[in-house]
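This structure is in structure tokens; I'll ask about it shortly.
Note on naming: letters A, B, ... go to the chains in the order of the sequence lines (proteins, then strands), and numbering restarts at 1 for each one.
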2 protein chains.
Amino acid sequence: MSVQGRKERERADRERLILATARELAEQQGWEAVTTRRLAERIEYSQPVLYSHFRGKREIIGAVALQGAAEMATALRAAAATADEPRGRVAALAQAYLDFAARNPAVYDAMFQLDGGLAFAQADTPEPLKEGFAALLGSLSEVAGDGVDPGLFTEVFWAALHGLATLTRAGRLPSEHAERRTELLVDRWVQSGQEAKRS
Amino acid sequence: MSVQGRKERERADRERLILATARELAEQQGWEAVTTRRLAERIEYSQPVLYSHFRGKREIIGAVALQGAAEMATALRAAAATADEPRGRVAALAQAYLDFAARNPAVYDAMFQLDGGLAFAQADTPEPLKEGFAALLGSLSEVAGDGVDPGLFTEVFWAALHGLATLTRAGRLPSEHAERRTELLVDRWVQSGQEAKRS
DNA sequence: CTCGGTTGTCTAGCGGTGCTAGGATTTCTT
DNA sequence: AAGAAATCCTAGCACCGCTAGACAACCGAG
């Protein structure tokens, strides 16, 4: 019965290969260059094998997005752990978020810009996405202030980060003062008592 | 020599027809439904006619985006004029921005989501876009606070609005508490500016 | 070790896309 | 009224996502 096990393993390997190749190609030349033909050629199989793993291109994008969401959640958790006071945590989170978006533009697009068929803000939201949001929520609740819904507070902060990420990468904002913008955002967002400003 | 004048007029009319049709079709069924064939059929001409007006689909999207930018700039200016104190102006601007995005999703996409070949934050940025930004800048400078670059301050605020607009429309944020989010954003953005201000 | 059957893969093709060359037709000029 | 010029359309290219059906490789049974 181990022959079946081997086949399953090979299948899983190939699926990983497809996703890794799609991601690599997207990061190198953009998602519009990720066509089923090119993708098939790179993995050295014919097009139809792609459809034996995924329902279609959408689902491939969705799978890459899911990978990315998991990585981003990890990065955010790690960032939050580096600082020991609330403001520093928020700053670290913001930086980590924008870094991830800048370093993995195609994956970020798959997550938030393209239609990967992922559900959001609903019952069937994928776990990695919920985790990423939870990482933000944990540190932002601390600085929300009284009478402010932490959930909404986090959502708006996230929206600001998302806006900065997309507008910067689309060339809508000059990438020149990206750090000062992040700082400005965090300053406004954590404006409660502590006036501890890092240079 | 008035025959030439008439021809030019007819040509301009047809160009407007193309843009209006493209916009209408995009708002009705999304930009992916705006194909050159369908567009040509709707204006009752053949495809190549489109290419005698625009270099390609990109340029059509760009032209719609430009129209939209002008409308948005007008809407923002009007909104800023409705309130007589700084905080109200910022709130009105935010509301007007998000309203525009919600009511003209396809146009908003053309402006910021799709590639319409428009330049941004550069020397050759189209005038309407600069005007829109200027409308924001005028009211936000008032609440930026000391030692805060008004330009950067406005950019980050804009990014937050953009994030809210896109995430809400993509279903990433439940459209339920949209107004509370806007309120929350404006609160955070204006508040400390007022108190710390000492001119 | 051979042989049927299953499983896996590929070739070929469908309808769609953006875009364009070249011929046909209309329109203006003389 | 006829030649010239502008205008427009038919037809087709290369590519897209996706799929049916032929073909080859592999497996387990005898």
Task: Rounded distance (Å) that lies between atom C1' of C:dC19 and atom CG of B:L50 - done: 11 Å
Open item on the list: Taking the nucleotide of DNA chain D with the nearest heavy atom to each, does A:K57 or B:V49 sit closer to the 5' end?
Closed with: B:V49
Task: Separation of D:dA14 P from A:R38 CZ (nearest whole Å) - done: 16 Å
Task: Minimum side-chain heavy-atom gap B:L137-B:F153 below 4.5 Å - done: no
Open item on the list: How many whole angstroms separate atom CD of B:E59 from atom P of C:dC19?
Closed with: 10 Å
Open item on the list: Nearest to the side chain of A:P48, heavy atoms from C-beta on, is which of D:dT10, C:dT9, D:dA20?
Closed with: D:dA20
Task: A:H53 side chain reached by A:I60 side chain, heavy atoms, under 4.5 Å - done: no
Task: Nearest-Å distance for atom pair CZ/P, residues A:F54 and D:dT19 - done: 15 Å
- [ ] Output yes when at least one side-chain N/O atom of A:T36 is less than 4.0 Å from OP1 or OP2 of D:dC18, else no.
- [x] no
TODO: Round to the nearest Å and state the distance from A:E32 atom CD to D:dG17 atom P.
DONE: 11 Å
Open item on the list: Tell me whether the rings of A:F112 and A:H162 are parallel (<30°), tilted (30 to 60°) or perpendicular (>60°).
Closed with: perpendicular
Task: Nearest-angstrom distance from the residue atom CD of B:E41 to C1' of C:dT17 - done: 15 Å
Task: Over 12 foreign heavy atoms within 6.0 Å of CD, B:Q28 - done: yes
Open item on the list: Closest-nucleotide mapping onto DNA chain C: is A:R37 or A:S46 further toward the 5' terminus? I mean the 5' end.
Closed with: A:S46
- [ ] In whole angstrom, give the distance that lies between atom CZ of A:R14 and atom P of C:dC10.
- [x] 8 Å
- [ ] Return yes if the base of D:dC9 and the side-chain atoms of B:Q47 contain a donor-acceptor N/O pair under 3.5 Å, otherwise no.
- [x] no
Open item on the list: Expressed as a whole number of angstroms, how long is the span from B:E15:CD to D:dC8:P?
Closed with: 13 Å
